[in-house]
Q: 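What follows is a single structure, and I will ask about it in a moment.
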Amino acid sequence: MAAFVKELLTWGASLLFFCGFIKHVLSREMDYEFVTCGSTMKLLNTYSSVRLHSHDVKYGSGSGQQSVTGVDSSDDHNSYWQIRGKTGATCMRGSPVKCGQTIRLMHLSTKRNLHSHHFQSPLSHNLEVSAFGEEGEGDEGDNWVIVCSTKHWSRRDKIRIKNVVTEHYLHVSGDSYGRPIHGQREVSGYPTPSEMNYWIVNEGIFIKPANDPNTGKLMHDHDEL
């Protein structure tokens, strides 16, 4: 009987150790905190609770380029954006994006880049934000700086996104469109920091670096949310 109890206790200790090890592995898998080059994700405006969105619908005024809006839906496939290097530069796949780094955000469905310029936006009369270029190639208006307060862009942190050409922030004013995109919110460029131009990462596929920059240890290639 004593031998059986001893064996049972040994088995229990081994099970606890195994469960703890699995928990640690899963924690490392899901808790890699940085946004990286090559990742594809949705961006949520924290004030209006809408996701950055685009579609093959052009503005009827201003630039006439592809419109960019904010949508409530969490499962719309037209809200995915991929992180790429700034115009004329590469962004190494899996490398963490630094605060202050300039990037492009390519709309996954149409292969046009998030863009701004000095045309007025149709509803709020801020600056227009559009999707521009062909097959991911446009111009300097596609370049955006990630504004955050730490070393790297964290998936947990609120950030601002500032256009290099206009020096305006990606913003949701609260104005809503009628036909043909009824209920979608206007996304525009705004000159100053505001609660209405904070964004946070939501759903996406996040490319991990070959090595964790904090520990130097080998990591897996991607992480889904």
Side-chain angles (χ1 to χ4, degrees), residues 34-47 51-54 58-59 62-70 79-108 110-122 124-155 157-173 185-201 204 207:
F34 302 121
V35 178
T36 56
C37 293
S39 294
T40 299
M41 63 192 180
K42 296 182 181 182
L43 287 163
L44 179 74
N45 182 273
T46 59
Y47 186 87
R51 288 162 177 79
L52 187 67
H53 176 91
S54 191
K58 294 181 170 52
Y59 287 118
S63 69
Q65 294 172 7
Q66 182 172 303
S67 58
V68 171
T69 63
S79 299
Y80 281 109
W81 302 82
Q82 185 179 64
I83 297 176
R84 306 179 73 216
K86 66 181 181 180
T87 303
T90 58
C91 190
M92 186 178 295
R93 176 183 168 90
S95 61
V97 176
K98 295 178 181 178
C99 293
Q101 183 173 338
T102 301
I103 62 165
R104 286 176 293 171
L105 289 163
M106 186 184 73
H107 187 240
L108 199 64
T110 62
K111 301 294 188 292
R112 294 190 171 102
N113 297 321
L114 186 69
H115 178 90
S116 194
H117 36 221
H118 290 94
F119 289 100
Q120 276 194 343
S121 61
S124 66
H125 305 300
N126 295 326
L127 293 187
E128 183 188 275
V129 171
S130 64
F132 175 73
E134 297 296 333
E135 296 301 318
E137 298 304 323
D139 63 23
E140 294 293 324
D142 303 342
N143 292 331
W144 300 81
V145 175
I146 300 303
V147 181
C148 46
S149 57
T150 54
K151 184 176 181 180
H152 293 102
W153 179 5
S154 170
R155 282 160 45 177
D157 291 345
K158 294 193 299 184
I159 57 117
R160 291 188 174 98
I161 304 173
K162 186 176 182 180
N163 188 265
V164 169
V165 170
T166 66
E167 298 187 340
H168 280 47
Y169 296 89
L170 189 67
H171 183 84
V172 179
S173 65
R185 305 288 185 89
E186 182 188 74
V187 172
S188 62
Y190 195 72
T192 58
S194 159
E195 286 295 318
M196 300 164 81
N197 46 53
Y198 269 128
W199 300 84
I200 195 166
V201 170
I207 307 300

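Residue numbers run from 1 in the order of the sequence given.
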Q: Find out whether Glu186 and Ser124 are in side-chain contact, i.e. whether some heavy atom of one side chain is under 4.5 Å from a heavy atom of the other.
A: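 Glu186 reaches Ser124 side chain to side chain.
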Q: Which pair of heavy atoms, one from Glu195 and one from Thr46, lies closest together, and at what distance?
A: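 In this case the closest contact between Glu195 and Thr46 is O-OG1, 4.5 Å.
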Q: Please check: side-chain N/O of Ser188 versus main-chain N/O of Glu128, any donor-acceptor pairing under 3.5 Å?
A: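 Such a contact is absent between Ser188 side chain and Glu128 backbone.
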Q: For Tyr80, check ring pair (Phe, Tyr, Trp, His ring centres under 6.0 Å) against everything at least two apart and list the hits.
A: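 If we apply the ring pair (Phe, Tyr, Trp, His ring centres under 6.0 Å) test to Tyr80, skipping adjacent residues, there are no hits.
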Q: Under the ring pair (Phe, Tyr, Trp, His ring centres under 6.0 Å) test, which residues partner Phe119, sequence neighbours left out?
A: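 In terms of ring pair (Phe, Tyr, Trp, His ring centres under 6.0 Å), with neighbours along the sequence ignored, Phe119 is linked to His117.
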Q: Report the distance from atom CD of Glu167 to atom OG of Ser116, rounding to the nearest 0.5 Å.
A: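 So the gap between those two atoms works out to 12.0 Å.
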Q: Can you name the closest pair of heavy atoms from Thr36 and Gly94 and give their distance?
A: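 Scanning both residues completely, I find the closest heavy atoms to be CG2-O, 3.4 Å.
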Q: Calculate, to the nearest 0.5 Å, the distance between atoms CD1 and CG belonging to Ile161 and Asn197 respectively.
A: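 Spacing of CD1 (Ile161) from CG (Asn197) equals 9.5 Å.
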Q: Using the side-chain hydrogen bond (donor to acceptor under 3.5 Å, both in side chains) criterion, which residues pair with Ser95? Sequence neighbours excluded.
A: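 For Ser95 there are no side-chain hydrogen bond (donor to acceptor under 3.5 Å, both in side chains) partners, ignoring immediate neighbours.
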Q: Taking C-beta and beyond as the side chain, do Asn113 and Arg84 meet within less than 4.5 Å on heavy atoms?
A: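 Side chain of Asn113 against side chain of Arg84, heavy atoms only: contact under 4.5 Å found.
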Q: Quick one: list whatever passes side-chain contact (heavy atoms from CB on, under 4.5 Å) with Val165, sequence neighbours left out.
A: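 Once residues adjacent in sequence are excluded, the partners of Val165 under the side-chain contact (heavy atoms from CB on, under 4.5 Å) criterion are His118, Glu140, Asn163.
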Q: What residues form a side-chain contact (heavy atoms from CB on, under 4.5 Å) with Gln120, not counting sequence neighbours?
A: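 Expected list: His125.
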Q: Return the set of residues passing side-chain contact (heavy atoms from CB on, under 4.5 Å) with Pro191 (not counting sequence neighbours), or none when no residue passes.
A: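 Pro191 satisfies side-chain contact (heavy atoms from CB on, under 4.5 Å) with His168 only.
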Q: Holding to side-chain hydrogen bond (donor to acceptor under 3.5 Å, both in side chains), I want the full list of residues that pass it with Ser173, two or more places apart in sequence or in another chain.
A: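 Only Asp175 meet the side-chain hydrogen bond (donor to acceptor under 3.5 Å, both in side chains) criterion with Ser173.
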Q: Heavy-atom count check: over 12 atoms from other residues, nucleotides or ligands less than 6.0 Å from Lys151 NZ?
A: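 It does not: Lys151 NZ has 12 such atoms or fewer within range.
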Q: Run the side-chain hydrogen bond (donor to acceptor under 3.5 Å, both in side chains) test against Arg112 and tell me which residues pass, sequence neighbours left out.
A: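 Here the qualifying residues are Gln66, Glu134.
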Q: Would you check if the side chain of Trp144 reaches a backbone N or O of Leu170 as a donor-acceptor pair within less than 3.5 Å?
A: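 Checking the backbone N and O of Leu170 against the side chain of Trp144, no donor-acceptor pair under 3.5 Å is found.
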Q: With no hydrogens and no angle check, is any side-chain donor or acceptor of Thr87 less than 3.5 Å from a backbone partner on Asp139?
A: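 Yes; at least one donor-acceptor contact below 3.5 Å.
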Q: What are the two closest non-hydrogen atoms of Val97 and Ile103, and how far apart are they?
A: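 Distance-wise, the nearest heavy atoms are CG1-CG2, 4.1 Å.
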Q: Which residues satisfy the ring pair (Phe, Tyr, Trp, His ring centres under 6.0 Å) test with Tyr190, sequence neighbours excluded?
A: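 Counting only residues at least two positions away or on another chain, Tyr190 forms a ring pair (Phe, Tyr, Trp, His ring centres under 6.0 Å) with His171.
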Q: Which residues satisfy the side-chain hydrogen bond (donor to acceptor under 3.5 Å, both in side chains) test with His53, sequence neighbours excluded?
A: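 For His53 the side-chain hydrogen bond (donor to acceptor under 3.5 Å, both in side chains) partners, ignoring immediate neighbours, are His55, Ser79.
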Q: Treating Ser121 as the side-chain partner and Asn126 as the backbone partner, does any N or O pair qualify as donor plus acceptor under 3.5 Å?
A: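 Such a contact is found between Ser121 side chain and Asn126 backbone.
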Q: Would you say Ser194's side chain and Met196's backbone share a donor-acceptor pair under 3.5 angstrom?
A: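 Yes, Ser194 side chain to Met196 backbone: donor-acceptor pair under 3.5 Å.
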Q: State which residues pass ring pair (Phe, Tyr, Trp, His ring centres under 6.0 Å) with Trp81; sequence neighbours excluded, sorted by chain then number.
A: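 Applying ring pair (Phe, Tyr, Trp, His ring centres under 6.0 Å) to Trp81 gives His107.
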Q: Show your reasoning for whether side-chain contact (heavy atoms from CB on, under 4.5 Å) applies to Trp153 and Ile159.
A: CA-CA 8 Å; Trp153 179 5; Ile159 57 117; 3.8 Å; yes
Q: Lys98: what forms a side-chain contact (heavy atoms from CB on, under 4.5 Å) with it, not counting sequence neighbours?
A: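 Per chain and number, Lys98 pairs via side-chain contact (heavy atoms from CB on, under 4.5 Å) with Gln101, His152.
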Q: Give a yes or no on this: more than 12 heavy atoms of other residues, nucleotides or ligands lie within 6.0 Å of atom OH of Tyr47.
A: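 No, not enclosed.
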Q: State, with a plain yes or no, whether a side-chain heavy atom of Leu43 is found less than 4.5 Å away from one of Ile200.
A: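 They are not in side-chain contact.
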Q: Between Lys86, His115, Arg104, which is the residue that forms a side chain to side chain donor-acceptor pair (under 3.5 Å) with Asp142?
A: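 One option only clears the test, and that one is His115.
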Q: For Met41 and Val35: C-alpha separation, side-chain torsions, deciding distance, then whether side-chain contact (heavy atoms from CB on, under 4.5 Å) applies.
A: CA-CA 9 Å; Met41 63 192 180; Val35 178; 4.0 Å; yes
Q: Under a 4.5 Å cut-off applied to non-hydrogen side-chain atoms, are Asp157 and Cys148 in contact?
A: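 Sidechains of Cys148 and Asp157: no contact.
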Q: Please give me the minimum heavy-atom distance between Val129 and Val187, naming the atom from each residue.
A: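 Looking at all heavy atoms of both residues, the shortest contact is CB-O, 3.8 Å.
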